[in-house]
Amino acid sequence: MGELTFAGVDGIIILSAFAIIMLVIGYFSGRGEKNIHESLSGYYLAGKNLGIIALFFTLFATQYSGNTIVGYAPTAYRTGFSWLQSISFMTIIIGVYLLFAPRLYVIAKKRNFVTPTDWLQHRFNSKGVTLLAIFLMLWGLGNYLLEQLVAIGQAVSGMTGGTIPYQVAVIVFVFVMLAYEWMGGMKAVAFTDVMQGIVLLVGIIAFVAGGIYLAGGNFGSITQFIAETEPAKLAVPAAEVNINWLSMLVLVGLGASIYPHAVQRIYAAKSEKTLKKSFARMAWMPLITTGLVFIVGIIGIKLFPGLEGGDSEQLVGLMANEIASINSFFYWIMIIFFGGIVAAIVSTADSVLLSFSSLISNDVYGKFINPNASEHRKVMVGKIIGIIAIFGLLWVAWNPPGTLYEIFVLKFELLVQVFPAFVLGLYWKRLDGKAVFWGMVIGAIVAGILTFTGNKTIYGIHGGIIGLALNFVICVAGSYLSSTSVKKDPVLEEDMNAVNL
């Protein structure tokens, strides 16, 4: 994020205030809720009773984070107008949600699902499909959580001008996150999402306004400067770049829509009407959030030309220092805004950790290790394993692998392989469990080999998309060739007929 040289003690005060507020929210979220720690749905889904405000902001926090600002603006700075794709893939995510979320909600409500793989187990009745999906989802969540831990350290260290070192920042806010999540579960997470969402929305608008003021007062002068100094960032992209753009749209649009923590927010909605209203409002957020962050990166090209590599990752902090110097209003707005960025990153991390814990407790432990365990015991196992996992990831975050954008891409390559099973299974009764299993296996192997051998793209196409294409072919062809796929399952027939009404 870059050091905020203006913040210092004021930054520490604001960060401390946000930390205290999050702890208070956690305390009151768990207080008086007798069953919150006794049931899986109470702890992991807020009793399936999230209203429209809480659901909207927790969906907002799932799709966007403080890391969206810290990571996406430098990418726009480096690539120029081709990063408009970030608005597109965020919009596609909403479209994919609407494709399956209402249908899934009806079945989840009826069958009392807690985790995404509850649906897959119910749909295919296959241990192989369930275990493989659990692994791929845990992989995606682990990478996403790592991304947030790295961002926490960079944001806090930058906001305090290095007074709080990267490693100390990560540890302190991890403990804050663990404390309020332990006390209040999903309910605490949702309410902290409301707080940070409001701060981010107000802050990013002020950030853009300040940036445009510093750049000359109009956006036209910024594009003219880019045209004169770095015309490649305005030029029509090459064919391979366009292909890569399309590949990214599919990868992120499909992958992010089946984030386990996103799916669990679908389950947590108070009603189907609440769910649909929340998604209707989410349709505007790509322009308001990712669109404004894109503009921040473009403004930065004029304000700080010539930044390369790791230096460009400091763009947001560099701009904040200049904006804060305009007047006292912008000074305090910037401090509060960056405190909100830290809170947003922490809030995203807690959502991911909560979902990670639920997969361990409900799926790994509850389905395969101790199916007779009480729900209270399952919740406790999830909490403890989640803490162990996060401290394992802390060790990796000490020396983060690559830029935030590289970490961001990495998590989708394997997670997206669950998409055919998850969504196609809602629409096609003939889809066969064996075909789904081998589709996921082959897709994941191909995507994994390409990613980890350094071939992240082939002619602009991501390895995860190549794997996904094979995955779809195997699912469809295998289901048509399978003799078992046409057998009737009365329970599944009932569910599929219900969502077709």
Side-chain angles (χ1 to χ4, degrees), residues 55-69 71-72 75 83-101 104 115-116 119 133 136-148 151 193 197 244-267 275 278-279 282-291 293-294 344-345 347-349 351-356 359 404-424 443 447 451 462-465 467-468 471:
L55 183 61
F56 167 77
F57 276 108
T58 199
L59 284 168
F60 172 70
T62 299
Q63 189 168 344
Y64 306 92
S65 167
N67 183 46
T68 304
I69 298 165
Y72 283 21
T75 305
W83 189 238
L84 276 167
Q85 64 173 290
S86 62
I87 303 173
S88 304
F89 63 60
M90 288 299 185
T91 305
I92 286 177
I93 294 170
I94 303 299
V96 178
Y97 277 145
L98 292 172
L99 175 69
F100 75 90
L104 180 62
T115 63
W119 157 240
L136 295 177
M137 288 186 172
L138 287 175
W139 167 265
L141 289 171
N143 273 274
Y144 200 9
L145 188 53
L146 173 61
E147 178 187 354
Q148 303 311 308
D193 288 345
N244 182 259
W245 186 340
L246 178 60
S247 175
M248 178 63 79
L249 291 180
V250 176
L251 181 68
V252 177
L254 302 188
S257 67
I258 56 168
Y259 274 150
H261 48 302
V263 173
Q264 287 179 291
R265 276 147 180 76
I266 295 170
Y267 295 170
L275 182 68
S278 296
F279 279 126
M282 280 290 292
W284 293 96
M285 302 317 291
L287 284 174
I288 297 172
T289 51
T290 317
V293 172
F294 163 78
I345 297 170
S347 189
T348 301
S351 298
V352 178
L353 178 61
L354 193 72
S355 189
F356 188 98
L359 288 173
L404 292 176
Y405 176 65
E406 289 171 336
I407 300 172
F408 164 78
V409 173
L410 183 62
K411 66 177 176 287
F412 285 113
E413 306 290 348
L414 297 186
L415 177 60
V416 76
Q417 305 307 322
V418 183
F419 185 85
F422 206 89
V423 178
L424 196 58
T451 299
H462 291 84
I465 295 300
L468 181 64
N471 189 344

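The residues of the chain are indexed from 1 along the displayed sequence.
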Q: Would you mind telling me which of Tyr259, Trp139, Phe419 makes a ring-ring contact (aromatic ring centres under 6.0 Å, His included) with Phe412?
A: Tyr259
Taking C-beta and beyond as the side chain, do [X] and [Y] meet within less than 4.5 Å on heavy atoms?
{"X": "Leu145", "Y": "Phe356", "result": "no"}
{"X": "Phe294", "Y": "Thr75", "result": "no"}
{"X": "Leu275", "Y": "Arg265", "result": "no"}

Closest heavy-atom pair and its distance - [X], [Y]:
{"X": "Pro116", "Y": "Pro260", "result": "CG-CA, 3.7 Å"}
{"X": "Ile87", "Y": "Thr290", "result": "N-CG2, 4.0 Å"}
{"X": "Leu415", "Y": "Gly140", "result": "CB-CA, 4.5 Å"}
{"X": "Tyr72", "Y": "Trp83", "result": "O-NE1, 3.4 Å"}
{"X": "Ser257", "Y": "Ala262", "result": "O-CB, 4.5 Å"}
{"X": "Leu59", "Y": "Ser278", "result": "CD1-CB, 4.0 Å"}

In Å and rounded to the nearest 0.5 Å, what is the [atom1] to [atom2] distance from [X] to [Y]?
{"X": "Leu354", "Y": "Leu359", "atom1": "CG", "atom2": "CG", "result": "10.0 Å"}
{"X": "Asn143", "Y": "Gln148", "atom1": "CG", "atom2": "CD", "result": "11.5 Å"}
{"X": "Ile92", "Y": "Gln85", "atom1": "CD1", "atom2": "CD", "result": "10.0 Å"}
{"X": "Asp193", "Y": "Leu55", "atom1": "CG", "atom2": "CG", "result": "10.5 Å"}
{"X": "Met248", "Y": "Ser86", "atom1": "CE", "atom2": "OG", "result": "10.0 Å"}

Q) Using a distance-only test with no angle check, is there a side-chain donor-acceptor pair under 3.5 angstrom linking Ser351 and His261? A)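 Not at all, the side chains of Ser351 and His261 share no donor-acceptor pair under 3.5 Å.
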Q: Determine, step by step, whether Asn244 and His462 satisfy the side-chain contact (heavy atoms from CB on, under 4.5 Å) criterion, reporting the C-alpha distance in whole Å, the side-chain angles of both residues, the deciding distance to 0.1 Å, and the verdict.
A: CA-CA 7 Å; Asn244 182 259; His462 291 84; 3.4 Å; yes
Q. Between the side chain of Gln417 and the main-chain N/O of Gly464, is any donor-acceptor distance below 3.5 Å?
A.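 The answer is yes, because a donor-acceptor pair under 3.5 Å joins these two groups.
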Q. Taking it one step at a time, do Thr348 and Tyr144 satisfy side-chain contact (heavy atoms from CB on, under 4.5 Å)?
A. CA-CA 9 Å; Thr348 301; Tyr144 200 9; 3.6 Å; yes
**Q.** Steps toward side-chain contact (heavy atoms from CB on, under 4.5 Å) verdict (Thr115, Tyr267)
**A.** CA-CA 8 Å; Thr115 63; Tyr267 295 170; 5.6 Å; no
Q | Parallel, tilted or perpendicular: ring planes of Phe57 versus Phe60, cut at 30 and 60 degrees | A | perpendicular
Q. Checking side-chain contact (heavy atoms from CB on, under 4.5 Å) against Ile93, which of Ile258, Leu249, Val252, Leu254 comes through?
A. Val252
Q: Verify side-chain contact (heavy atoms from CB on, under 4.5 Å) between Met285 and Phe56, making sure each step is shown before the conclusion.
A: CA-CA 11 Å; Met285 302 317 291; Phe56 167 77; 3.8 Å; yes
